[in-house]
There are 2 protein chains.
Amino acid sequence: MCAYAADVDRCDCNSIHEDIVLDVRERLPDDDNLIDLADLFKVFGDSTRVRILSALLLAEMCVCDIAVLLGMTKSSISHQLRVLKQAKLVKYRKLGKVVYYSLADDHVRTIFDQGLLHITEE
Amino acid sequence: MCAYAADVDRCDCNSIHEDIVLDVRERLPDDDNLIDLADLFKVFGDSTRVRILSALLLAEMCVCDIAVLLGMTKSSISHQLRVLKQAKLVKYRKLGKVVYYSLADDHVRTIFDQGLLHITEE
DNA sequence: AATTTAGTTGAACAGTTGCTCAATTGAGAA
DNA sequence: TTCTCAATTGAGCAACTGTTCAACTAAATT
């Protein structure tokens with residue numbers, strides 16, 4: 001029988017190592033934090049957004065510049081910039097009709113570097 | 001007219017800053033690398049997988065342990081472990097009927113830490 | 001005022017994703 | 001062998017996601 005049937009009814013198996021499960025359960029971060037973390041990585045998990053961020057690592061650019069650079073429509077770029085804005089990964093400034101986007105802080109660079117490290121290794 | 005109409009026909013606007021676009025285009029990493037990077041982050045972009053990885057940061061566990069810990073079916077956990085395995089983020093060892101999973105390397109920890117840093121800031 | 005253009009927005013559609021369910025595999029126990 | 005159980009697998013389905021398209025806003029130019 002499942003050791004946690006009372007509070008976890010989806011459980012369909014025995015707890016083989018009850019001591020480990022109890023210990024990990026206690027030390028595991030709150031679900032809220034882990035969900036926020038997943039949501040952040042979800043933003044990085046699209047090649048269009050990664051390409052936009054990579055471009056902004058090199059220079060501040062307007063929507064039109066990015067669209068031309070990546071060979072995509074302004075609309076699709078604008079949609080993705082909205083996602084990046086909501087995740088506080090990019091910031092922008094308006095000059096007349098033109099909106100210039102740039103990275104909000106340096107976290108993008110370090111996260112990218114760690115990711116590339118995992119990919120290029122072995 | 002779009003300055004890159006020849007090789008990029010989706011372009012629907014002028015290149016406002018042609019010099020910047022040309023410079024960034026030259027220095028931008030290859031699309032293959034950026035797609036691989038996005039695919040890696042895609043794996044981190046699901047709360048179930050993040051919770052699994054967080055658990056494995058604390059202890060080696062079998063499928064059943066993880067299922068009980070997270071209150072999910074063995075099947076769904078197994079499906080996600082397969083994704084994590086393909087991304088080379090977890091490794092496993094078999095002992096009889098039981099399969100023990102653990103983290104493949106320490107990249108997960110550093111990537112998580114960087115992500116948490118971005119979230120908790122400001 | 002009328003036109004042009006950078007950028008945004010929302011609906012719609014296709015493609016993807018994660019969970020469920022049922023069937024199956026494989027190793028140990030009876 | 002037969003039974004049990006940990007784990008895997010594939011099909012099916014509902015929910016989500018990214019692009020397209022068309023309409024729209026706003027700022028500059030004529």
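These numbers come from the heavy atoms of this one structure, side chains and all, not from hydrogens, waters or symmetry mates. Lettering follows sequence order; numbering is per chain, from 1.
Taking a 6.0 Å sphere around OH of Tyr92(A), one finds it holds 12 or fewer heavy atoms contributed by other residues, nucleotides or ligands.
Between Leu28(A) and Ala55(B), the closest heavy-atom pair is CD1-N, 3.6 Å. Ser54(B) approaches Leu34(A) most closely through the heavy-atom pair OG-CD2, 3.2 Å. Nearest approach of Lys88(A) to Asp105(A), heavy atoms of both residues: O-OD2, 4.4 Å.
Atom CG in Leu84(B) sits roughly 14 Å away from atom C1' in dT17(C) (whole-Å rounding). For Asp46(A) and dC16(D), the CG to P distance is 18 Å, given to the nearest whole Å. Rounded to whole angstrom, the span from the CD atom of Gln86(B) across to the P atom of dG18(C) amounts to 12 Å. Here dC16(D) presents its C1' atom at 13 Å from NZ of Lys42(B), a figure rounded to the nearest Å. Distance, Lys94(A) NZ to dA26(D) P: 8 Å, rounded to whole Å. Taking atom CG on Asp39(A) and atom C1' on dT17(C), their separation rounds to 15 Å, with Å as the unit. Rounded to an integer number of Å, the gap from Leu70(A) CG to dG18(D) C1' is 14 Å. The CG-P distance, from Leu95(B) to dA7(D), rounds to 11 Å in whole Å.
Proximity of Ser78(A) to the phosphate of dT8(C): a side-chain N or O atom is located under 4.0 Å from OP1 or OP2. OP1 or OP2 of dT17(C) has not a single side-chain nitrogen or oxygen of Gln80(B) nearer than 4.0 Å. Residue Tyr92(A) places none of its side-chain N or O atoms closer than 4.0 Å to OP1 or OP2 of dA6(C). Remark: Lys74(B) is in phosphate contact with dA6(D), judged by side-chain N or O atoms under 4.0 Å from OP1 or OP2. Between Tyr101(A) and dA6(C) there is no side-chain N or O to OP1 or OP2 distance below 4.0 Å. Between Arg82(A) and dG7(C) there is no side-chain N or O to OP1 or OP2 distance below 4.0 Å.
Side-chain to base pairing of Thr73(B) with dC21(C): no donor and acceptor N or O lie closer than 3.5 Å to each other. Evaluation of atom-type donor-acceptor distances gives a pair under 3.5 Å for the side chain of Ser75(B) against the base of dT9(D). Judged by distance alone, with hydrogens and angles left aside, Thr48(A) brings no side-chain donor or acceptor close enough to the base of dT19(D) to form a pair under 3.5 Å.
Between Phe44(A) and Phe112(A), the ring planes are perpendicular. Angles over 60° get that label, and only those under 30° would be called parallel.
Summary of the strand contacts: Ile77(B) and Ser76(A) both lie near DNA chain D, and taking for each the nucleotide with the nearest heavy atom, the more 5' one is attributed to Ile77(B). Each of Arg49(A) and Lys97(A) was assigned the nucleotide of DNA chain D with the nearest heavy atom; the assignment lying further toward the 5' end belongs to Arg49(A).
One hydrophobic cluster holds both Ile111(B) and Leu57(A) under the rule that ILVMFWY side chains link at heavy-atom gaps under 4.5 Å.
By the criterion of a centre-to-centre distance under 5.5 Å and near-parallel planes under 30°, the ring of His79(B) forms a stack with the base of dT9(D).
Among the heavy atoms of the strands, none lies under 4.0 Å from Tyr100(B).
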